[in-house]
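Naming convention: chains lettered A, B, ... in sequence-line order (proteins, then strands); numbering from 1 in each chain.
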Number of protein chains: 2
Amino acid sequence: MRRTKEEAEKTRGAILDAAEHLFLENGVAHTSLEQIARAAGVTRGAVYWHFQNKAHLFHEMLSQVRLPQEQMTERLCGCNGQDPMLSLRDLCLEAIVNLARDEQRKRIFNILLHRCEFTEELREAEERHYAFVDQFIQLCEALFARPACRERLRPGITPLQASRAVHGLVIGLFSDWTRDPALFDPLIDAEPMVDALFRGLVKDWD
Amino acid sequence: MRRTKEEAEKTRGAILDAAEHLFLENGVAHTSLEQIARAAGVTRGAVYWHFQNKAHLFHEMLSQVRLPQEQMTERLCGCNGQDPMLSLRDLCLEAIVNLARDEQRKRIFNILLHRCEFTEELREAEERHYAFVDQFIQLCEALFARPACRERLRPGITPLQASRAVHGLVIGLFSDWTRDPALFDPLIDAEPMVDALFRGLVKDWD
DNA sequence: AGCTATACATTCATTTGTGTCTGTAACGGT
DNA sequence: ACCGTTACAGACACAAATGAATGTATAGCT
């Protein structure tokens, strides 16, 4: 019965995949490891072999889509000579568009936003996730606070507000669209919506 | 042991209150009716007396904060002679500010956004809630689609996009702020953020 | 060829939650 | 004063789910 290494890796993937679909359908808390195992064509023994418990399985699932933070930092640093606020805009847009194009990403964000409750057992996964989010917001605020950008903000708009508004809009659109993809078409509508906010934040946007 | 009617109503309230706090702390799925009962100083017998099951309890909890939809419709109809888009802006702002002022509302929205997974047993509550949300978005879109408003939208912005953006921003800010109230101060920051979006959507905003 | 660690399957004990049923004391009307 | 109903408490039966323990066949190395 013993499988080869590649086969083992395949079952590991199958478990992650099954978990993804079951979490989406039934919620994280309402999905048992037994169900996941059955859907993956194995028993709970295999699940406990590859993952410590449900929380770790959940965390591993999340890491599949969370882009490395260094990459994000780099893209927003403005070292590429581009207007950093334009880079931020592009990053936001890309995030929304990627969500629409990548089915797995769509499923996982749907789980994250609508199908899981961050309770004690998922606390660690929650903290890591929100640490990532907070870092993005911080980066955003620092970006708007640079003199070159700050003076382009409309009067009355602080870097704090700009950063929160940008993240709020993106997360809100994420949340609404994952709940009901018929609400709008990311490929068509995301750009004007994001640009609208930036136009309202920045004096000379277009 | 039998209580008077007012006392019974008080225990009902105590159960709802205990559920609210426990749901917030442990998540809906991870809170048992036993825990709720104990926290309310009663037994599960009392809980089952007042509510059919956890789903109904959850639903009753939600109804405590959901404002009647007729009221919302009325406020946005523009019958009061005010600019309907300004009415919408005020409504959004008021929603965010109310969230900050009303601790119970804050708790319940926190549960709704971060501490519950809409699975089979809560399907009914989910549908009712999202029906409400969708109605708001529809109302919003219809508002932007009125000739008087539509022609004031910036070129390239459709009523669909405007409505989705507005709801997205509000829900995103709800979501972020309930997660971490230190992110911004609704009383100070909500207005410039909401206005920024409207400025980006509407030509002659200010 | 033989040994060992791997990749699971199977079984077990324990816990936990749920729904229901029954008991019961006191309220509220007659 | 009596009685039916109310507002619970307490007990029971049943169904999951978990984590750990054990079994086992084989892959991979020596």
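- Heavy-atom nearest nucleotides on DNA chain D were determined for A/Tyr48 and for A/Glu6, and the one closer to the 5' end corresponds to A/Tyr48.
- Residue B/Phe51 contributes atom CZ, which lies 11 Å from atom P of D/dC8 at whole-angstrom precision.
- In this structure, the NZ atom of B/Lys5 is 14 Å from the P atom of C/dC27, given to the nearest Å.
- A/Ile15 places its CD1 atom 12 Å from the P atom of C/dA7, with the value rounded to the nearest Å.
- Atom pair A/Trp49:CH2 and C/dC8:P shows a separation of 9 Å (rounding to whole Å applied).
- Aromatic ring pairs are classed by plane angle as parallel below 30°, tilted from 30° to 60° and perpendicular above 60°; the pair A/Phe174 and A/Phe109 is perpendicular.
- Taking the side chain as every heavy atom from C-beta outward, B/Phe144 and B/Leu160 never approach each other to under 4.5 Å.
- Put simply, CD on A/Glu7 is 11 Å from P on C/dA7, counting in whole angstrom units.
- Of all nucleotides listed (D/dA17, C/dT18, D/dT18), C/dT18 comes nearest to the side chain of B/Lys54.
- More than 12 heavy atoms of other residues, nucleotides or ligands sit less than 6.0 Å from atom CD of A/Gln35.
- As rounded to whole Å, 18 Å separates atom P of C/dC27 from atom CD of B/Glu9.
- Counting non-hydrogen atoms under 4.0 angstrom, A/Thr43 reaches a base of the nucleic acid.
- Atom CD of A/Gln161 is separated from atom CZ of A/Arg154 by 14.0 Å, given to the nearest 0.5 angstrom.
- Side-chain contact between A/Asp134 and B/Arg179 is present, with heavy atoms from C-beta onward closer than 4.5 Å.
- The side chain of B/Thr4 places no N or O atom within less than 4.0 Å of a non-bridging phosphate oxygen (OP1 or OP2) of C/dA26.
- Between A/His50 and C/dA7 there is no side-chain N or O to OP1 or OP2 distance below 4.0 Å.
- For C/dG19, its base sits under 3.5 Å from the side chain of B/Arg44 at one donor and acceptor pair at least.
- The CG atom of A/Leu57 sits 12 Å away from the P atom of D/dG19 (whole-angstrom rounding).
- A straight line from CG of A/Leu22 to P of D/dA17 spans 12 Å, rounded to a whole angstrom.
- A sub-4.0 Å separation between OP1 or OP2 of D/dA7 and a side-chain N or O of B/Thr11 is absent.
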